[in-house]
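What's counted below: heavy atoms across the whole structure, side chains too, no hydrogens, waters or symmetry copies. Quick caveat: nothing in here was measured; it's all calculated off a predicted structure.
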Amino acid sequence: MADVVLKAIQKSYGELQILHGIDLDIADGEFIVFVGPSGCGKSTLLRAIAGLEEISGGELFIKGRRINDEPPSRRGISMVFQSYALYPHMSVAENMAFGLNLIGFSKSQQKEAVAHAAKILQIEHLLARKPKALSGGQRQRVAIGRAIVRKPDVFLFDEPLSNLDAALRVQMRIEIAKLHTQLAATMIYVTHDQVEAMTLADRIVVLNAGRVEQVGRPLALYHHPATIFVAGFIGSPKMNFIAAKIQQPGDRMSTVVLRSGVALTAQVDTLAARAEAAVTLGIRAEHIVLVDDPAADDGNTLTAEVIAQERLGDLTYLYVQIPDADHALTVRAQPDINLTAGSRVRLRVPAESVYMFDADGKAFARCVEGVTAGNPASVG
C-alpha cells in the first residue's frame, strides 16, 4: 500500500484559515483516525488528502510522490462517504463496478474485481439487488466494496457510520477492523465519535480548531493526555475537572487547595510552578472511590450530593455535585448501588490517579510509583 506524509498543510478560504500547518507521518498499512468536535477541520483535512479541497500551503506526499497538484483520480485513493451515494437504478454489482467501467476495465476484469470485493465483505448474495432492497448496513458495505475494487493505495473514510443505528454501528466497526486486517491497507478515518476512534485506530490524531492537539495510540492518549482538551475529549464518560490552586509545589507530590478550602494531594510534578498558581484537576469516573465507612476515610476526600444515577446493567454512574465544581462529577459505582437524589456521599480521590493542567491547559507530568510518567504521545 502506501505511506502518507503531510508537511505544514494549510487550508484557507479567503482570510479564514481552517488548517494551521498540519504535520503528520502515516506509515504504510497504518489505521489512522482523525477525531475532534464539529468544526475542528478533520473532514477538511481528509478532503485535502483526497484532492477534493485545494491545499493552500504545505506539501502532501503519497508513496513518496508529491501530489499537491494531482487530481483525485491520480492520487491512488478511494473514499467512502457518510452518504452511500449508490445509483438506485443499478444493481449492487453495477454500482461496485461503475468506477472501473469509467477507467476502461474490461467486463471480465470488472466481474473479477467485484466478486473479490463481495467475498471479502460477504455480500455475494446481494450482487443482483438494487439499493432500495438493502438495509443501511448492506448499503454501506456496497459503498466500501466500490472503494475496494479499485485497489487503492490509501482508503479514506469520512464518518461512514453516522447514518446507521447504534447496533449497526457496532457491527460495522467490527467489519471495518476485519477489513483492515485482511487488506493490510493504509486507512485514514474521520469521526466525531471517540468510541469509534478508540476501537479502530492504530493511532489517533486529535484535532482542535484546525491544529493537531495530540497524536498517539488510543490508550496512550487515554492515560497520558497532553492537554486538558484531549483529557476531556478522549474517554467516555469524559474526565471530571475541578478548579484549584497550587498550595505546595513538589517534584513527586503536590498539594492543591480547592475554592472551598479543601486540600488535596496529587502525584504530579509541579516543581516548576509557583504557589497559588491556578490549575485544573482531572479525575476519571472509574478512579473516584465511594467511602462507605467513615472510619476508613484516610484523607483526600470530598463531600458530594447525589443528583442522579444512571443504571447500565453491569455498572451504575452517579452524578454528584460538590461546591468546588461548576458541573456535576461522574462517578462509576457498583451496579447494585441505590442512592436517592439528595443523598450525601464521601468521595476519595487517590493521589496517584489525579491529573493536573496549568492555566494554558498543558498537562503536568504525573508521578506514578515514584517514577515521573511523561506523555509518550506526541503533541502537535
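Nearest heavy atom pair, residue Ala97 against residue Gln110, reads CB-OE1, 3.6 Å. The shortest heavy-atom contact between Asp3 and Gly64 is OD1-N, 3.9 Å. Of all heavy-atom pairs spanning Ala117 and Val149, the tightest one is CB-CG1, 3.7 Å. Taking every heavy atom of both residues into account, Ser78 and Ala147 meet most closely at OG-O, 3.2 Å. The two atoms that bring Ile204 and Ala201 nearest to each other are CG1-CB, 3.6 Å, heavy atoms only. Residues Gly58 and Ile9 share a closest heavy-atom pair of C-CD1, 4.0 Å.
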key: Worked verdict on Arg74 versus Asp69 for salt bridge (charged side-chain N to carboxylate O under 4.0 Å, His left out)   = CA-CA 10 Å; Arg74 296 185 58 187; Asp69 303 316; over 6 Å; no
Worked check of side chain to side chain donor-acceptor pair (under 3.5 Å) between Thr265 and Asn300 = CA-CA 7 Å; Thr265 57; Asn300 246 40; 3.2 Å; yes
task = Give the C-alpha distance, both sets of side-chain angles, the deciding distance and a yes or no for side-chain contact (heavy atoms from CB on, under 4.5 Å) between Lys130 and His89.
result = CA-CA 7 Å; Lys130 298 288 179 62; His89 63 288; 5.6 Å; no
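Although no hydrogens or angles enter the test, the distance criterion places a donor-acceptor pair under 3.5 Å between the side chain of Thr181 and the main chain of Ala177. Formation of a donor-acceptor pair under 3.5 Å by the Gln214 side chain with backbone atoms of His224 is found in this model. Side chain of Arg346 to main chain of Leu290: no donor-acceptor pair is present (N/O by atom type, distance under 3.5 Å, no hydrogens or angles). Put simply, the side chain of Thr270 never gets that close to the backbone of Ala273: no donor and acceptor are under 3.5 Å apart. Within the 3.5 Å criterion, the main-chain N or O of Leu339 finds no donor-acceptor partner in the side chain of Ser343. Between the Tyr355 side chain and the His223 main chain, a donor and an acceptor come within less than 3.5 Å of each other.
For Phe98 and Tyr87, the ring centers are positioned less than 6.0 Å apart.
Atom CD of Glu54 has 12 or fewer neighbouring heavy atoms from other residues, nucleotides or ligands inside a 6.0 Å radius.
Here salt bridge (charged side-chain N to carboxylate O under 4.0 Å, His left out) pairs that include residues 7-23, with residues two or more places apart or in two chains, are Lys11-Glu53. Among pairs with a residue in residues 232-250, none fulfils side chain to side chain donor-acceptor pair (under 3.5 Å), at least two apart in sequence or across chains.
A salt bridge is absent between Arg75 and Glu70: the closest approach of a Lys/Arg side-chain nitrogen to an acidic carboxylate oxygen does not fall below 4.0 angstrom. Between Asp153 and Lys63 there is a salt bridge, since a side-chain N of the basic residue sits under 4.0 Å from a carboxylate O of the acidic one. Between Arg203 and Glu30 there is a salt bridge, since a side-chain N of the basic residue sits under 4.0 Å from a carboxylate O of the acidic one. Salt-bridge check for Glu286 with Arg332: failed, with every basic side-chain N at 4.0 Å or more from each acidic carboxylate O.
Geometric assessment of Arg284 against the ring of Tyr222 yields a positive cation-pi assignment under the 6.0 Å and 45° thresholds.
Side-chain polar atoms of Glu213 and Thr227 form a donor-acceptor pair below 3.5 angstrom. Inspection of the Ser91 and Arg129 side chains reveals no N or O donor paired with an N or O acceptor under 3.5 Å. Defined by atom type and a distance below 3.5 Å, a donor-acceptor pair is missing between the side-chain atoms of Glu159 and Tyr189. Checked by atom type, the side-chain pair His20/Gln10 shows no donor-acceptor distance below 3.5 Å.
Note: His180 and Phe31 have perpendicular aromatic rings, judged against thresholds of 30 and 60 degrees for the angle between ring planes.
Following chains of ILVMFWY side-chain contacts shorter than 4.5 Å, one can reach Met79 starting from Ile62, so the two form part of one hydrophobic cluster. Note: the hydrophobic cluster containing Ile67 also contains Val4 (ILVMFWY, side chain heavy atoms under 4.5 Å, direct or indirect links). In terms of hydrophobic clustering, with Ile, Leu, Val, Met, Phe, Trp and Tyr side chains grouped at heavy-atom distances under 4.5 Å, Met253 and Leu264 are assigned to different clusters.
Tyr319 pairs in a side chain to side chain contact (heavy atoms under 4.5 Å, CB included) with only one of the listed residues (Thr330, Val306, Leu329), which is Thr330.
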